[in-house]
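Written out below as structure tokens is the structure these notes cover.
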Amino acid sequence: MAVETKVNTYLNYINGQWVASSSGNIGESNNPANTNDIVGFVQNSTREELDQAVLSAKSAQKKWRALTGNERGAYLYKTADILESRLEEIAKTMTREMGKTLPEAKGETARGVAILRYYAGEGMRKVGDVIPSTDPKAIMFTSRVPLGVVGVISPWNFPVAIPIWKMAPALIYGNSVVIKPAQETAVTCAKVIECFADALIPAGVLNMVTGSGSVIGQGLVDHPDVNGITFTGSNEVGKRVGQGALARGAKYQLEMGGKNPVIVTADADLDLAVEGTISGAFRSSGQKCTATSRVIIASEVYEQFKTKLLKKVKEITIGDGLEEGIWMGPVANENQLHTVLSYIEKGKQDGATLLAGGNRLNGASYDHGYFVEPTIFDKVKSDMSIAQEEIFGPFIALIKVDSIEEAITIANDVKFGLSASIYTSNIQNMLSFIDEVDAGLVRVNAESAGVELQAPFGGMKQSSSHSREQGEAAKEFFTAIKTVFVK
Ligand SMILES: NC(=O)C1=CN([C@@H]2O[C@H](COP(=O)(O)OP(=O)(O)OC[C@H]3O[C@@H](n4cnc5c(N)ncnc54)[C@H](O)[C@@H]3O)[C@@H](O)[C@H]2O)C=CC1
Ligand SMILES: O=C(O)CCC(=O)C(=O)O
């Protein structure tokens, strides 16, 4: 809930109440398309509020887990209906707060609604198996129990979908939740929490505390009464979260970076490949962990692909994502802008050729925003930093190869393994790619980004903690299995 002022101030949600932080310290959430536009004020909370939230989650969880799955599901269905009724408003807030275009923000909010309904239904599905015992007089089966209190640490790039795909399964399986959203998109998250509150979710079952990663995020990781931590964000912070949770025996799940390749073979439909590359690389200004960042192209079609790509990239309209006709918004914050600009310089220094973009946009409507051109580097070698490190911006590296074997070797030549895509019409190329590429999400004749809520999502190598989110896979993290033997 917000306190009505000219610009709303958003509060923490603890034990069913909207409360201000005792710090008295509030931060501004600004529009990256126009930093003079303040989207809202949010609480810079203290450990004290976090402790209150965890305490209330802990005491509410006993009653919550005692409800049937069907009863818990009813709250999620209600929340979905409320979110759907506020879709336009919440999507607009998302666009103002992190920059993605309004159609993308609406799509994401609709996805949030669908995720809530999917997990609401999960309350009626099976939780265990009957397993034959070696003792003929015994019955043996598995059951699942919730972890207890789950801490959710979410990033700013999917401010509705990611919190919901973590909170909804946590709740349906009987956990209570404390969420710490990214401070950059805390207003959008507060509006999602309002939907749960308006659905009358019992006090304490869901709590939100906003604030810095080092105080509230780290506080959740270290809190002795938080039984599981689910995190999406950078590798650097993710590793710290995993180590902290492991040190005190809490369960954890990490979704982190990617350096996702697209392979274009000599027999590919090049128009389709160009379309998928543009969409995968530049939608949301490249700020998806599944975004395309390396394009590995067969030498036979390299020049042809490049010409088509350059033509298409020039058609991208850049500006405020709330305006009609805009295809790409700003990057989400000043740090992102500096990161992208610094990699543009690194690419040049490392000897790659800047083919398109490469500049911050200035003048008129761009002056108060973090706008950067879609950028394409040519003549990239796999060992260059722009081909190895996650940039998280509208930035792609083109790499020429002479065979499918070389293409797959280069695709795998990074520490990440989140998503990977190939454009080809050759069945043998497809099969080799599916089998050999190191990625949790493998896509054929489709862009590298594209996650379906009913399917497992997660990465290999340093992209994740080797766990999977979403779909049925969520059950593995948010519950513990009990093997029961009865005689
Ligand atoms: N995998 C993904 O989807 C995402 C990846 N990133 C990557 O991370 C880079 C930096 O973005 P940031 O927003 O700074 O990501 P981040 O990893 O710092 O933030 C993610 C979340 O972790 C929290 N956090 C920060 N420090 C923490 C700590 N010590 N303990 C617990 N929680 C903490 C943040 O407040 C936020 O809620 C991006 O350029 C991109 O490369 C960022 C967002 C999402
Ligand atoms: O591509 C998507 O829809 C989700 C990507 C994602 O999880 C992320 O960027 O954090």
Side-chain angles (χ1 to χ4, degrees), residues 27 42 44-45 50 98 100 104 107-108 111-112 114-115 151-166 179-186 189 208-223 226 229-245 252 254-260 279-281 283-293 331-340 342-343 389-393 395 416 418-419 421 440-441 443 446-453 455-459 462-465 468-470:
V42 292
N44 283 326
S45 310
L50 178 65
M98 67 73 64
K100 72 174 64 171
E104 286 180 276
E108 185 187 331
R111 183 166 149 196
I115 297 169
V152 173
I153 303 175
S154 59
W156 42 260
N157 62 334
F158 284 88
V160 167
I162 293 181
I164 291 180
W165 87 47
K166 291 175 183 299
I179 181 169
K180 189 223 91 67
Q183 200 69 343
E184 293 89 338
T185 48
C189 188
M208 179 190 76
V209 182
T210 61
S212 74
S214 55
V215 177
I216 307 303
Q218 194 65 47
L220 264 178
V221 172
D222 294 337
H223 205 294
V226 175
I229 298 277
T230 172
F231 168 90
T232 300
S234 64
N235 275 61
E236 195 196 357
V237 174
K239 279 184 184 153
R240 210 173 312 144
V241 167
Q243 280 159 357
Y252 64 92
L254 314 171
E255 284 308 330
M256 302 173 287
K259 190 71 189 169
N260 310 300
S279 178
R283 284 229 181 256
S284 283
S285 304
Q287 300 167 121
K288 298 182 187 179
C289 56
T290 50
T292 300
S293 57
V331 294
N333 55 52
E334 200 172 359
N335 278 344
Q336 289 308 121
L337 177 74
H338 290 311
T339 304
V340 175
S342 76
Y343 276 104
E389 292 161 24
E390 182 174 55
I391 299 172
F392 225 60
F395 191 122
F416 300 105
L418 190 54
S419 73
S421 134
L441 189 65
R443 315 241 314 152
E447 65 174 83
S448 66
V451 171
E452 300 215 23
L453 63 99
F457 171 59
Q462 294 194 30
S463 286
S464 89
S465 54
R468 293 292 180 265
E469 298 190 275
Q470 304 196 65

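Order of appearance sets the numbers: ligands from 1, and atoms from 1 within every ligand.
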What do the steps show when you test S154 against I179 for side chain to side chain contact (heavy atoms under 4.5 Å, CB included), and what is the final call?
CA-CA 8 Å; S154 59; I179 181 169; 4.0 Å; yes
Passes side chain to side chain contact (heavy atoms under 4.5 Å, CB included), F457 versus L418? Steps please.
CA-CA 9 Å; F457 171 59; L418 190 54; 4.2 Å; yes
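Residues T210 and A186 come closest through the heavy atom pair CG2-CB, 3.8 Å. The two residues Y252 and S465 come nearest to each other via the heavy atoms CE1-CB, 4.1 Å. Contact record, T339 with I391: CG2-O, 3.9 Å, taken as the closest heavy-atom pair. A pairwise comparison of heavy atoms in M256 and C289 identifies O-CB, 3.6 Å as the closest pair. Here the closest heavy-atom approach between residue N260 and residue T290 is recorded as ND2-C, 3.1 Å. Of all non-hydrogen atoms in A182 and P155, the two that sit nearest each other are CB-C, 3.5 Å.
A cation-pi contact links K100 to F158, judged by a cut-off of 6.0 Å to the six-membered ring centre and 45° from its axis.
Near P155, meaning under 4.0 Å from one of its heavy atoms, ligand 1 places the atoms 43 (C), 44 (C). Which parts of ligand 1 touch G213 is read off a 4.0 Å heavy-atom cut-off, strictly below it: atoms 24 (N), 25 (C), 26 (N), 27 (C), 28 (C), 29 (N), 30 (N), 31 (C), 32 (N), 33 (C), 35 (O). For ligand 1, the atoms closer than 4.0 angstrom to any heavy atom of S154 are 21 (C), 36 (C), 37 (O). Under a 4.0 Å criterion applied to the non-hydrogen atoms of E390, ligand 1 contributes the atoms 7 (C), 40 (C), 41 (O). Close contacts of ligand 1 with M256, meaning ligand atoms under 4.0 Å from a residue heavy atom, involve 1 (N). Close approach to W156 involves these atoms of ligand 1, each under 4.0 Å from a residue heavy atom: 11 (O), 12 (P), 13 (O). Less than 4.0 angstrom separates some heavy atom of C289 from each of these atoms of ligand 1: 1 (N), 2 (C), 3 (O).
Between the side chain of Q470 and the main chain of W165, no donor-acceptor pair closer than 3.5 Å is present. Judged by distance alone, the side chain of S284 and the main-chain N or O of Q287 form no donor-acceptor pair under 3.5 Å. A side-chain donor-acceptor contact under 3.5 Å links S419 to the backbone of S448.
For a threshold of 3.5 Å applied to N or O pairs, the pair formed by G217 and ligand 1 contains no separation below that value. In terms of polar-atom proximity, defined here as any N/O pair under 3.5 Å, F392 makes no such contact with ligand 1. The shortest N or O to N or O distance between T232 and ligand 1 is not under 3.5 Å. Ligand 1 has an N or O atom lying under 3.5 Å from an N or O atom of R240, backbone or side chain. Backbone and side-chain nitrogen or oxygen atoms of Q183 are examined, and none is located within less than 3.5 angstrom of a nitrogen or oxygen of ligand 1. Checked by distance only, ligand 1 and S214 stay at 3.5 Å or farther apart across all their nitrogen or oxygen atoms.
Each of V221, I153, L220 was compared with F231 under the side-chain contact (heavy atoms from CB on, under 4.5 Å) criterion, and only I153 meets it. Considering Y343, W156, F416 as possible partners of F392, the one that fulfils the ring-ring contact (aromatic ring centres under 6.0 Å, His included) test is W156.
Scanning the protein for heavy atoms near atom 16 (P) of ligand 1, the closest one is S234 OG, 3.6 Å. The single protein non-hydrogen atom nearest to atom 3 (O) of ligand 1 is N157 ND2, 3.3 Å, given as residue, atom name and distance. Protein heavy atom closest to atom 29 (N) of ligand 1, with residue, atom name and distance, is Q218 OE1, 3.0 Å.
Within the model, atoms CZ of R240 and CD of Q218 stand 6.5 Å from one another, a figure rounded to the nearest 0.5 Å.
For S279, the side-chain contact (heavy atoms from CB on, under 4.5 Å) partners are R283, E447, not counting sequence neighbours.
Ligand 2 is surrounded by R111, N157, F158, I162, W165, T232, K288, C289, T290, G450, V451, F457, each with at least one heavy atom closer than 4.0 Å.
For atom 19 (O) of ligand 1, no protein non-hydrogen atom is found at a distance below 4.0 Å. Within the 4.0 Å cut-off (strictly below), a protein heavy atom is located near atom 35 (O) of ligand 1.
Contacts of Q336 with ligand 1, taken as heavy-atom pairs under 4.0 Å, involve the side chain alone.
For the ligand labelled ligand 1, residue I153 lies inside the 4.0 Å heavy-atom shell. Under a 4.0 angstrom heavy-atom cut-off, F231 registers as being in contact with ligand 1.
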